[in-house]
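Following: one structure in structure tokens, then a few remarks.
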Number of protein chains: 4
Amino acid sequence: MNTFGNNFRCTTFGESHGKALGVVIDGCPPGVPLTETDVQPLLDRRRPGQSDLTTQRKEGDRVEILSGTFEGNTTGTPIALIVRNTDMKTEDYLPLKEQFRPGHADFTYQAKYGIRDYRGGGRSSGRETISRVAAGAVAMKVLGYAGVSISGRVTGVHGKTLPAEMESEIRAARDVGNSVGGIVEVVAKGTPPGIGDPVSGKLDAAIAHAMMGIGSVKGVEIGEGFHSAALFGSENNDEMAPEGFLTNHAGGILGGISTGADIIVRIAIKPTPSISKEQNTVTVTGSPAKISVKGRHDPCIAPRIVPVAEAMLALVLLDGLLEQLKYSGFREFLKNNRS
Amino acid sequence: MNTFGNNFRCTTFGESHGKALGVVIDGCPPGVPLTETDVQPLLDRRRPGQSDLTTQRKEGDRVEILSGTFEGNTTGTPIALIVRNTDMKTEDYLPLKEQFRPGHADFTYQAKYGIRDYRGGGRSSGRETISRVAAGAVAMKVLGYAGVSISGRVTGVHGKTLPAEMESEIRAARDVGNSVGGIVEVVAKGTPPGIGDPVSGKLDAAIAHAMMGIGSVKGVEIGEGFHSAALFGSENNDEMAPEGFLTNHAGGILGGISTGADIIVRIAIKPTPSISKEQNTVTVTGSPAKISVKGRHDPCIAPRIVPVAEAMLALVLLDGLLEQLKYSGFREFLKNNRS
Amino acid sequence: MNTFGNNFRCTTFGESHGKALGVVIDGCPPGVPLTETDVQPLLDRRRPGQSDLTTQRKEGDRVEILSGTFEGNTTGTPIALIVRNTDMKTEDYLPLKEQFRPGHADFTYQAKYGIRDYRGGGRSSGRETISRVAAGAVAMKVLGYAGVSISGRVTGVHGKTLPAEMESEIRAARDVGNSVGGIVEVVAKGTPPGIGDPVSGKLDAAIAHAMMGIGSVKGVEIGEGFHSAALFGSENNDEMAPEGFLTNHAGGILGGISTGADIIVRIAIKPTPSISKEQNTVTVTGSPAKISVKGRHDPCIAPRIVPVAEAMLALVLLDGLLEQLKYSGFREFLKNNRS
Amino acid sequence: MNTFGNNFRCTTFGESHGKALGVVIDGCPPGVPLTETDVQPLLDRRRPGQSDLTTQRKEGDRVEILSGTFEGNTTGTPIALIVRNTDMKTEDYLPLKEQFRPGHADFTYQAKYGIRDYRGGGRSSGRETISRVAAGAVAMKVLGYAGVSISGRVTGVHGKTLPAEMESEIRAARDVGNSVGGIVEVVAKGTPPGIGDPVSGKLDAAIAHAMMGIGSVKGVEIGEGFHSAALFGSENNDEMAPEGFLTNHAGGILGGISTGADIIVRIAIKPTPSISKEQNTVTVTGSPAKISVKGRHDPCIAPRIVPVAEAMLALVLLDGLLEQLKYSGFREFLKNNRS
């Protein structure tokens with residue numbers, strides 16, 4: 001339940017205020033050049049404290065590769081990556097031991113496990129995405145050899161879509177102790193046609209799973225997405241010509257399999273639930289209470305979701321690509337042996 | 001890749017114009033009353049030919065249970081259900097052997113497998129959902145014992161939301177040989193808090209996977225969904241009181257775990273790609289061609305997606321419920337043995 | 001729990017006296033010629049009633065392919081195979097409704113599920129192996145294109161190893177209403193080196209899993225097996241020369257990965273538990289009882305295990321072969337793109 | 001492929017001479033008291049250098065829990081355990097860079113991956129079992145609350161079964177630069193009936209998989225095992241009486257499901273392949289060579305396999321126990337809601 005993928009399998013671990021976060025990657029092809037320098041830059045991108053619009057928690061977040069490489073190349077054995085936690089202000093969270101924060105997983109973790117690491121959200125903290133970004137960095141390195149590249153950006157904040165307006169919305173929310181939601185779009189270029197498995201292994205289903213599983217994501221769409229519900233078939237179909245698809249309303253996926261066109265994914269990100277505005281809540285024993293969440297929080301988490309969403313898309317695409325290699329590999333046997 | 005679920009595992013098979021479609025359910029709890037009469041009514045709901053707005057292909061779609069029950073109860077062994085195909089007009093599809101239909105999986109299946117059963121879309125046909133609905137019927141029967149119920153409805157067609165307008169949009173599209181998209185909403189009541197596993201097994205991620213994997217679905221959202229991107233945190237958070245959550249913007253899921261509130265899912269359904277309006281396409285050898293898709297097609301597939309979406313939600317919820325029983329079961333051991 | 005394999009995934013279903021037994025194969029490479037005539041001969045080999053030494057239950061055991069092929073070739077979609085039960089003498093088993101047969105799974109199924117299909121052992125019957133043999137037949141067809149062939153034989157019965165003696169032991173046991181155990185050896189030729197994944201996916205571990213999971217099997221060994229425990233390292237090591245390994249004590253597997261030499265597996269098969277000799281047992285309510293198991297039973301099940309063991313080895317090897325194609329496939333990318 | 005289990009999932013990583021070895025445990029029930037002091041004693045038992053009969057490599061092998069516990073209890077989130085490598089004499093292995101050691105995985109890793117970490121066997125080293133023992137220690141702690149206990153011992157060395165003779169065989173082999181094989185027996189007490197899933201999830205199949213996957217194991221048997229092949233049915237069946245099974249030839253498992261009796265497993269361990277006696281081999285480029293393996297090696301690895309085999313049995317039993325909790329948990333729903 002903490003493992004992504006069938007072929008490029010990433011098992012993550014770690015809590016916000018525990019000793020370390022990390023991931024074990026099982027199924028990485030051997031012979032791929034890989035060192036910490038391939039991973040660190042992506043962790044730096046997701047790191048807090050990079051602008052005045054993100055949380056001021058300053059962590060080094062230095063990644064260490066514990067296994068799975070030899071003389072700078074992957075060996076095919078599991079690659080363990082860890083990032084030790086260093087800047088932990090546990091005392092900030094002590095008041096939250098007794099209360100559930102609205103919009104957070106405090107209540108549901110308690111309901112599920114009967115116990116919860118309340119320090120900074122524990123496993124449900126945004127810091128959990130460190131493991132995803134680290135794994136995604138490895139996936140991107142591998143995907144590069146197959147000609148696939150991925151990039152994302154914030155395309156909406158609190159209903160606005162122009163950069164200056166989006167920034168202004170974030171500042172305005174922050175200044176009143178509130179927060180705002182946003183939209184992130186991620187695009188993959190160079191995915192060959194044929195990736196994805198029909199029915200349960202559909203590429204768009206796998207993407208939806210990967211994206212909706214990022215904390216704070218409440219919606220996922222591919223290509224025209226929700227807009228397609230308001231279109232005619234004649235508007236939404238992508239006609240074909242010898243040179244390829246004439247449009248890309250499908251967002252690069254038909255029948256759960258990649259078409260070769262750009263894969264286009266958009267996700268909806270809810271407003272950060274940690275706000276200093278006072279809200280009604282209950283204590284762990286069910287008594288009514290008032291809460292104002294202090295501490296270091298992003299007024300809009302969308303910008304920091306970008307590298308996470310890119311990472312998740314990389315994990316899905318590499319997983320599908322490796323799956324497809326079985327078929328293409330076997331085709332060679334058939335070619336050689338079928339009379 | 002044709003299996004859903006980790007605990008209530010459903011492996012589906014079958015093509016539109018093959019001998020039969022079906023599903024093998026592995027992991028159904030023993031002792032649950034189950035006969036064909038529990039499954040047939042749901043298959044009847046998804047069946048074509050029920051109104052003048054749906055395809056006129058008339059199939060009996062009679063389900064048969066081949067294994068896994070004894071004297072009318074499940075035994076804990078795999079339950080195989082099959083539905084034989086009977087009303088197959090293969091000749092309708094012969095012209096499509098040489099051409100790729102826009103918006104369909106014809107091209108991508110060919111790209112992936114190097115071979116495709118072109119009769120009625122083969123595995124990519126909407127008939128594949130028979131297996132899902134049959135499995136979902138079993139899941140709903142089981143969920144009933146845990147107090148969970150599920151129901152869905154069409155909430156939008158081609159941008160309209162009033163029933164009469166939606167129907168009118170479908171008729172208008174049909175009359176010009178075109179098609180329209182729509183929105184389906186599914187709600188589950190009675191899910192206990194604590195269902196869903198953080199990170200990769202998140203309940204909302206599993207729902208997104210299940211829904212996006214239904215043919216024609218291009219978007220999935222939970223609770224406020226994409227609308228949450230335009231909200232303040234103070235608007236989107238669900239405050240709590242001793243009697244429970246005061247609102248349900250979260251759609252019943254926080255941190256990937258059920259809150260106990262209604263689980264609310266909406267999906268975007270693209271316009272049926274099969275339209276008689278002429279479109280540009282290519283032949284299997286890459287030459288330009290014109291295509292007008294004849295045959296029996298729904299001008300809007302949303303109404304027939306409703307029972308499928310209900311079924312998929314049932315599969316996900318039962319899977320999560322069984323997962324959680326491990327934890328609650330072990331808690332008894334701890335209670336009894338921890339001094 | 002009824003699924004074998006990660007890449008060539010076979011989900012089986014069916015009870016001894018239910019409507020049908022079968023298997024759904026997910027992950028079969030596309031483009032492989034396959035019809036019922038590839039499967040039927042192997043089912044005929046395992047079928048009862050072929051000699052006076054095997055049970056006289058005479059079933060047609062005709063296989064039908066329901067999906068996954070088109071015009072005589074696999075398409076890459078799930079292949080469902082079913083065999084309908086026809087010669088069911090349920091009344092033979094009615095007396096067993098109230099008693100547990102020693103050496104059978106009657107008691108354990110009741111303990112596990114709280115319900116059991118007592119007719120002929122239900123799911124725990126030897127007829128369950130029909131599904132395995134059918135799946136194995138497909139695997140063997142596929143493996144043939146990769147140059148792998150598999151064959152097994154009985155190498156021991158009740159401590160004897162000469163054919164005439166083994167036959168004599170079986171007859172002697174049968175004549176006194178008793179049964180005897182035996183040894184089956186299966187050998188795979190042509191497996192390329194490099195198949196199998198270290199640690200949890202080891203080839204020998206997968207073989208052990210597959211073999212020990214056959215009903216009545218109580219031991220599995222590879223190469224020298226238990227005999228290796230009595231050897232010196234200098235006797236057991238296989239020295240190497242430029243032309244290959246000089247011996248094959250390892251049975252074709254080192255470190256969980258195939259060496260390219262013959263894969264040699266032996267399994268221990270317990271005496272058929274169904275004997276007409278009277279034994280002590282208990283009723284389902286726990287009262288003491290005497291039982292003499294009537295009906296059609298093999299006095300030694302080893303001969304009929306041979307095609308089952310061959311099938312299981314085929315499933316494991318094909319699964320490992322497909323896994324390895326991912327690595328070899330990716331090596332091409334690296335070769336082409338690594339400067 | 002480096003993950004054991006479906007419910008209590010253990011993903012291991014690490015090489016003999018890499019930075020660290022470890023395991024991530026996903027699916028551990030919450031609320032179980034757990035600290036490093038529960039794990040360290042079992043690692044100490046498997047550690048080398050404890051007697052003059054085992055390798056003199058002296059490592060601290062100190063375990064550190066990185067995640068998944070809070071205030072001394074498991075939280076239900078992944079538990080990461082690592083052991084850093086400290087006493088690495090890589091130079092000992094440099095001569096082996098160019099040669100394949102007979103009986104080792106050197107050749108097969110090279111064949112599979114095209115690259116290998118030759119230092120001390122890399123991933124194929126016996127040090128990989130540190131991860132298994134660490135995970136097994138956690139499993140044993142959890143199993144304790146369910147009343148299950150496990151213990152193993154060496155029951156044979158080089159054909160001898162008396163302790164003094166076994167020790168003498170090991171010394172004799174060591175003194176001539178050779179090695180010997182052995183037998184280990186592991187017994188689990190207190191397993192409730194009903195654990196294990198028929199067909200692919202059989203308890204004995206899972207045990208066989210777990211045991212055969214330990215390096216150097218070439219055979220696995222349950223209860224009478226290979227000896228059952230030489231018995232009559234009347235000798236091998238375990239008759240039943242109201243007080244339970246009268247014998248335990250089955251080794252505690254019938255039809256793949258636990259009977260409640262002791263689970264008895266024996267494994268065959270080949271002689272350590274690293275011997276100083278000169279052997280024929282080839283270089284990585286295929287030229288003939290002579291090799292005499294120097295370094296710190298156990299003349300008989302059986303004693304050090306004991307804690308590993310115990311750990312693997314613990315992993316399998318806990319996995320099956322958690323699986324069964326789903327069924328027993330659901331039974332409560334049925335009881336309460338079935339009229």
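In this text the structure is predicted, and so the values were computed from the model without any measurement. Each chain gets a letter, A, B and so on, in the order the sequences are listed, and its residues count up from 1.
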Taking all heavy atoms of [X] and all of [Y], pick out the closest pair and write down the distance.
{"X": "Pro242(D)", "Y": "Ser287(C)", "answer": "CG-C, 4.4 Å"}
{"X": "Ile267(D)", "Y": "Phe226(C)", "answer": "C-CE2, 4.1 Å"}
{"X": "Leu254(D)", "Y": "Ala105(C)", "answer": "O-CB, 4.2 Å"}
{"X": "Lys202(C)", "Y": "Arg132(D)", "answer": "NZ-NH2, 4.4 Å"}
{"X": "Ser228(D)", "Y": "Lys270(C)", "answer": "OG-CA, 3.6 Å"}
{"X": "Ile257(D)", "Y": "Lys112(C)", "answer": "CD1-CD, 3.8 Å"}

Inset, instruction - Go through the atoms of Glu128(D) and report whether side chain, backbone, both or neither lie under 4.5 Å from a heavy atom of chain C. - result: side chain
Inset, instruction - Return each pair, listed once, that meets ring pair (Phe, Tyr, Trp, His ring centres under 6.0 Å) where at least one residue sits in residues 267-287 of chain D; pairs must be two or more places apart or across chains. - result: none
Inset, instruction - Answer with side chain, backbone, both or neither: which region of Leu203(C) has an atom nearer than 4.5 Å to a non-hydrogen atom of chain D? - result: neither
Legend entry - Contact origin within Tyr113(C) toward chain D - heavy atom pairs under 4.5 Å: both
Legend entry - Side-chain donor/acceptor of Ser200(C) to backbone N/O of Thr3(D), under 3.5 Å: yes
Inset, instruction - Give me the ring orientation class for Phe232(D) and His158(C): parallel if the planes are under 30° apart, tilted from 30 to 60°, perpendicular past 60°. - result: tilted
